[in-house]
4 protein chains.
Amino acid sequence: MTVPENLSSLKRMVADAPTRPPLGDVAHLGHAQLFTPCPQDTVAFFTDFLGLSVVERDGEHTYLRTWDDYEHHSLIVTGREKAGIGRTALRCSSPEALERRKAAVEATGASGRWVRDEPGVGPLWVTADPDGHEIALYYETDWYEAPSAPALKNQPEAKPGRGVGVRRLDHINYLAADVEESSGFLIDALGARPTEQIRLDSGRIAGRWQTFTQKSYDLVHTEDWTGSSGRLHHLAFATDSREDVLRAADLAVDTGVFIETGPHKHAIQQTFFLYVYEPGGNRVELCNPLTRLVLAPDWPLVTWTEAERKKGQAWGLQTIESFHTHGTPTVD
Amino acid sequence: MTVPENLSSLKRMVADAPTRPPLGDVAHLGHAQLFTPCPQDTVAFFTDFLGLSVVERDGEHTYLRTWDDYEHHSLIVTGREKAGIGRTALRCSSPEALERRKAAVEATGASGRWVRDEPGVGPLWVTADPDGHEIALYYETDWYEAPSAPALKNQPEAKPGRGVGVRRLDHINYLAADVEESSGFLIDALGARPTEQIRLDSGRIAGRWQTFTQKSYDLVHTEDWTGSSGRLHHLAFATDSREDVLRAADLAVDTGVFIETGPHKHAIQQTFFLYVYEPGGNRVELCNPLTRLVLAPDWPLVTWTEAERKKGQAWGLQTIESFHTHGTPTVD
Amino acid sequence: MTVPENLSSLKRMVADAPTRPPLGDVAHLGHAQLFTPCPQDTVAFFTDFLGLSVVERDGEHTYLRTWDDYEHHSLIVTGREKAGIGRTALRCSSPEALERRKAAVEATGASGRWVRDEPGVGPLWVTADPDGHEIALYYETDWYEAPSAPALKNQPEAKPGRGVGVRRLDHINYLAADVEESSGFLIDALGARPTEQIRLDSGRIAGRWQTFTQKSYDLVHTEDWTGSSGRLHHLAFATDSREDVLRAADLAVDTGVFIETGPHKHAIQQTFFLYVYEPGGNRVELCNPLTRLVLAPDWPLVTWTEAERKKGQAWGLQTIESFHTHGTPTVD
Amino acid sequence: MTVPENLSSLKRMVADAPTRPPLGDVAHLGHAQLFTPCPQDTVAFFTDFLGLSVVERDGEHTYLRTWDDYEHHSLIVTGREKAGIGRTALRCSSPEALERRKAAVEATGASGRWVRDEPGVGPLWVTADPDGHEIALYYETDWYEAPSAPALKNQPEAKPGRGVGVRRLDHINYLAADVEESSGFLIDALGARPTEQIRLDSGRIAGRWQTFTQKSYDLVHTEDWTGSSGRLHHLAFATDSREDVLRAADLAVDTGVFIETGPHKHAIQQTFFLYVYEPGGNRVELCNPLTRLVLAPDWPLVTWTEAERKKGQAWGLQTIESFHTHGTPTVD
């Protein structure tokens, strides 16, 4: 078939797209756990630089939250020998939705277990994606009580006057040995919708962006070039504006936070970004999508080719080498 | 029961909230129709000031689109003796979802009819809310083909270098004689979720904000103080940033666009806003929510009291008198 | 003479303008002194909300600085029974320039005295404008040594991650019984250039904006409606961006800082503004001029009429009543 | 001598600085002339992308202006076989100032001539810097009359709703075989103040930034690695905000404007930048300094070393290779 030149990519993609399920038994990304060899410095990074606050400490775990999180915590910082990603917790839409997803996971042959090991949330059903990233499903959650009420009652807490003041945990980008396999787990077992992907000339999928919401992505898998599994590419927090990201860049250089690349705009998903490393070595993104959302129920899976990726980011920035090589835990 | 002072409003509200249905048979607000006594000037307002483009003209109808709309049109401008709102078209999540909502509407006793009277979309099932605002449900839609491809393939069309360059039709605010009745129709028959409301000391609901998405609102009913029905308070378009709204304010005063109030930040829904009148007299809002979303599946209905409303907008601006009195069509 | 309609105001004004002297024996506004009945709260306002830092405390005086000030301090907070403005210190371009201005002041019949009563600056020659606002001229100054070097060497200090992070003390707006007389003193004795003014229908000048720099104004006199003298309308600090002002508005409402009016854009001088009261009662402006400068050596004095002022601010906001009545010290 | 660690760079620099003359016989950069082999495309770039407007055409010359320019034109686009920079016109503070600078230029042995070859300005005295860049001094100028008055009378013209809408011609960066010689001419003969420079380890000055105003730079010389003279590195236009620069980047990629590098923040002068090429091949910068100004009369000359330059731009971006090699006219 000859495709006329004036057909937009999106229109063609939709024509070819399989039917997608509606939103969704998984309501949204709830919180994540980060491992770090220097928990004190890592916590200081998140409080002083990003502007999160500590809600609770319990042994090796520090529970932190962004100001617009309605739940108890957005992030758990846990001391470990090596940096990396621990648990990713996904809040389900209802107890029934959780049961449906548990059954769907088990139907894939994967196993899980119930735990009650976090403050502020109810029982979590813990499993893992095929690459070994721990994923927990939960529904019960304690709505956050701010010690002092914010000025506006439709907000859980006041935005702090300290640091960047990121609004929410936005997404997690895992490294995976087999992107398609791990992505397939999210899609089939958890009901995620893939919105964008990179397909190499060899046909292999080198990255895929999945969403549970009308944000254009929540969880991402990109290819790990090492033999290891369960590693993290980055964890991302959303800012209110691109100006917040620019302000963050100044704050980073003046407080010794390492900037890897940015600020710039991604071609994929169009996110305005800044990548930094927290003291433990994990890559953290500050991201801003402007007001972009994926509202179409039949939004197609957008595929980027190798040739398209070689054009660099949206405004032409070439992707920095370490972006392809650095992950946590680091591999010798 | 005594409520301890340190309980946040949101937590309390959640505790009292009924269970909400998940998202949603109605996928999102598709497009709207505006009546105007001076269609040529009104179209010029939307193209030159807001930066929409004309996709098609057909007799008295002009079809316009924002740059990030994946569909054929976001707005229909139709010449009429008096200004006002015509059809509101809601895209459903699937043909089955449309049938479910049609059945649910008919179950309320309301009637509807199938029409095929718009280019770029399939059959629409047309009904009305209890106050008489025409509401159409549809699923089939032509994904837009831009005459020239934008730089990024995950975008339907390039953002124009002309005018404000609003991203999308964001929401519609209807006036209604009985807010609760019309709101109830959206909730019960169409599956909308109410996120915020104003309750007068008399107990009457004077305004209610409903959403079909994870945007915090899509359709709003506020009380009409006149005896008429089916009127419009305003139509809103989302900008990429607050800076776009500020730039729009300069552009407005220099091109003779009447600014009613703003820029400022709403307390309700926290939207950064600017209200202008298009030449036909309809009120149009430019709005920016930053990156605020309602992701919680159990987000409570936030209720504002008369006393709270008297504090004015988020940063203290008192609501301008005309905001309570001007609607279209105007009432003698 | 009939002025054709298409003659711009600026062109006409220039044609009528007297020749202006070049810049300037007074280099720029150096620092200001604020009186407050609650110095501890006032200092907390400047450090926590505006993001200044304390450099030194000496008895009743606290010396504070903005991050981009190259001098020792930008502001002195001094405990007093009543709020108000103390000293305004103007840095001269050279010792000779200072002597020339001293002579020019004395030539008007005004007197002055040399003092050495501030840390970080050399001798100050202290006089007053005809309305009694203390004005000090100085040249010698200690360039600031930050305890830790900022990332960029062309900057005196890192921008803080705390509060608004205002860049500099921008301007001072005095109240004066006779605007023209006090303004004349600045122009004739200190070499200020008037850039904008308000002329009432009666012919009286109700406000005048003067500059020593290429900023469009540094010192302002507006009419005091009471019989008192030496009062303050407001002190202003410049932010990096309008987004900083919007962020400040959120921070204000959440930390109990009283917002009087704004954010909005002034018609006069086009400044984007937010007015708040510090705990002592003095009005403080956060202002952003974008990149507007007055570079023309023959920039005319722009005169606004009563009719023009009635149109409100740039985007139509009506000036709030207290803006015309509140000054410090308050008058019973 | 051992420098204590806590001495800031600026403080040390001031201590070592020679006395600088006050501002200044040259009031500001007036306008520039650009040569291009494709004038029609170049003019379209400036009008459609940057948002300048054409005020007059005269044979091979097109006169354009930015909206906040009070003069007749900010830019002359002239058809030539090769791209490059033509005349740079500097407005003097008075007729006397012009005569003083003419005498100072002649005292260096350089010659000049009076011409009256531009609309909208009076006689220009034309000379050149030692590297052969044509520089013209003038005082008489026609204040611009906008065909329709802007909403605010303290502004020459309305900001357009088309393209980026840059505020003013901000600065020019020349390439020069001998930076110190050409810079010396600006300083000694024209009264410019150097604010920043790059000194190579060899001692050679590889770049110097000079100002006539309280902007931190107006004219720049950087080293030309070829044997040619009189070439252009770039011409820069100031935007109102960083958001305008980000919006420009999107507009560029969607309209085929080549982006060389950016957006990012310069370490030198701290300017937020985006570099593009106009269709004729000349490099054009969109720049935003936030509200940074050089108000200190004794602001030191800040020197950057080779080692410091190797750290890249303010947030770490490595300078792109073509930034060191591309100039106009191109050299075979």
Side-chain angles (χ1 to χ4, degrees), chain A residues 8-10 49 164 239-277 283-292 308 310-323 326, chain D residues 8-10 49 164 239-277 283-292 308 310-323 326:
Chain A
S8 79
S9 295
L10 287 178
F49 175 60
V164 182
T239 67
D240 266 351
S241 67
R242 297 192 292 197
E243 277 288 320
D244 276 350
V245 176
L246 301 180
R247 197 169 71 85
D250 276 344
L251 194 55
V253 296
D254 274 325
T255 58
V257 169
F258 174 72
I259 294 180
E260 183 186 37
T261 185
H264 202 86
K265 177 185 176 176
H266 278 300
I268 297 178
Q269 304 288 4
Q270 306 202 4
T271 315
F272 191 70
F273 66 83
L274 178 72
Y275 288 95
V276 301
Y277 293 174
R283 184 188 282 110
V284 174
E285 180 185 7
L286 285 83
C287 66
N288 184 270
L290 296 172
T291 49
R292 187 171 186 260
E308 286 167 341
K310 282 186 182 138
K311 292 181 192 168
Q313 299 302 336
W315 299 321
L317 183 71
Q318 284 303 310
T319 304
I320 203 164
E321 179 60 18
S322 62
F323 203 73
H326 179 76
Chain D
S8 79
S9 296
L10 286 179
F49 175 60
V164 181
T239 67
D240 267 350
S241 69
R242 298 192 292 195
E243 276 287 320
D244 277 350
V245 176
L246 301 180
R247 197 170 69 88
D250 275 344
L251 195 54
V253 295
D254 274 325
T255 58
V257 170
F258 174 72
I259 294 179
E260 185 186 35
T261 186
H264 204 86
K265 176 185 176 176
H266 278 299
I268 298 178
Q269 305 289 3
Q270 306 200 5
T271 316
F272 191 70
F273 66 82
L274 177 72
Y275 288 96
V276 300
Y277 293 174
R283 184 188 282 108
V284 174
E285 181 186 7
L286 285 84
C287 65
N288 185 270
L290 294 174
T291 50
R292 188 172 186 259
E308 287 167 340
K310 282 185 182 136
K311 292 181 192 167
Q313 299 302 334
W315 299 322
L317 182 71
Q318 284 304 311
T319 303
I320 203 164
E321 178 61 18
S322 62
F323 203 73
H326 179 76

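- With chain D as partner, the option from A:Ala314, A:Pro263, A:Gly316 having the largest number of non-hydrogen pairs under 4.5 angstrom is A:Pro263.
- For the residue pair A:Gly262 and D:His264, the shortest heavy atom distance occurs at O-CE1, 3.5 Å.
- To the nearest 0.5 Å, atom CG of residue D:Leu274 and atom CH2 of residue A:Trp315 are 8.5 Å apart.
- Neither the backbone nor the side chain of D:Phe258 comes within contact range of chain A, judged by heavy atoms closer than 4.5 Å.
- Closest approach of D:Arg242 to A:Arg247, counting heavy atoms only: NH2-N, 4.3 Å.
- Once rounded to the nearest 0.5 Å, the distance linking CD1 of D:Ile320 with CD of A:Gln318 reads 8.0 Å.
- Both the backbone and the side chain of A:Ala249 come within contact range of chain D, with heavy atoms under 4.5 Å apart.
- For the set D:Ile259, D:Thr261, D:Asp250, D:Val253, the count of heavy-atom pairs under 4.5 angstrom toward chain A peaks at D:Asp250.
- Residue contact with chain A, scored on non-hydrogen atoms closer than 4.5 Å, involves the side chain of D:Leu317 exclusively.
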